[in-house]
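Encoded as structure tokens, the structure appears first; notes follow it.
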Amino acid sequence: MKLLVRNLDRSTTEEQLNELFQSFGKVQSCSLIVDQVSGLSKGFGFVEMPKAGEAKVAIKNLNNKTVGSNKIRVKKAEEKNA
């Protein structure tokens, strides 16, 4: 299941994001969205967890949790229509 993580502190690293979600299960991939010009985080990213049950537990436990100085929002990512 692909999760959208929003309102991340701009100083959050992919490694920190990965560690945050690994406490709830296996993380298949983790990516922060970065501004191509400045190289800085845009404040959101995606985490993929292969087991839907683990992903749902992560959403329940991490949505509205304060990470760094921000309260993050976690939800299932919507599929993009091509």
Side-chain angles (χ1 to χ4, degrees):
M1 181 183 284
K2 191 170 189 175
L3 306 176
L4 170 63
V5 186
R6 295 177 26 194
N7 204 35
L8 288 166
D9 190 305
R10 303 247 188 244
S11 65
T12 303
T13 65
E14 276 186 13
E15 188 177 290
Q16 290 169 322
L17 190 59
N18 199 356
E19 284 175 16
L20 192 61
F21 280 83
Q22 277 183 343
S23 57
F24 299 100
K26 181 174 175 10
V27 172
Q28 187 173 327
S29 69
C30 173
S31 60
L32 275 179
I33 306 306
V34 176
D35 183 283
Q36 290 183 339
V37 177
S38 69
L40 300 172
S41 166
K42 287 191 171 186
F44 71 99
F46 294 95
V47 174
E48 272 192 75
M49 299 180 79
K51 294 185 178 172
E54 291 175 352
K56 287 177 182 173
V57 171
I59 291 170
K60 186 177 180 207
N61 285 280
L62 294 174
N63 190 42
N64 286 322
K65 179 180 171 77
T66 301
V67 177
S69 59
N70 292 2
K71 196 177 268 196
I72 65 170
R73 293 194 306 278
V74 183
K75 68 177 194 170
K76 183 177 180 207
E78 302 295 322
E79 294 297 320
K80 271 190 178 178
N81 295 329

Exercise. How far apart are the closest heavy atoms of L62 and I72, and which atoms are they?
Worked result: O-CG1, 3.4 Å
Exercise. In terms of hydrophobic clustering (I, L, V, M, F, W, Y; side-chain heavy atoms under 4.5 Å; direct or indirect links), are M1 and V47 co-clustered?
Worked result: yes
Exercise. What residue among S31, S29, C30 forms side-chain contact (heavy atoms from CB on, under 4.5 Å) with F46?
Worked result: S31
Problem set entry | From K2 atom NZ to K76 atom NZ, the distance as rounded to the nearest 0.5 Å | 12.0 Å
Exercise. What about V57 and I59, same hydrophobic cluster or not, with Ile/Leu/Val/Met/Phe/Trp/Tyr joined at side-chain heavy-atom distances under 4.5 Å?
Worked result: yes
Exercise. With sequence neighbours left out, which residue pairs that include part of residues 61-73 fulfil the side chain to side chain donor-acceptor pair (under 3.5 Å) condition?
Worked result: D9-S69
Problem set entry | CG on L3 to CD on E48, rounded to 0.5 Å | 8.5 Å
Seminar exercise, completed: Minimal heavy-atom distance between S41 and G43, with the atoms involved, is OG-N, 2.9 Å
Problem set entry | Student check: side-chain heavy atoms of R10 and L40 closer than 4.5 Å | no
If you look only at distance, which donor and acceptor atoms sit under 3.5 Å apart when one is on a side chain in residues 15-27 and the other is two or more places apart or in another chain?
| unit_1 | atom_1 | unit_2 | atom_2 | d |
| --- | --- | --- | --- | --- |
| Q16 | OE1 | T13 | N | 2.8 |
| Q16 | OE1 | T13 | OG1 | 3.4 |
| S23 | OG | L20 | O | 2.9 |

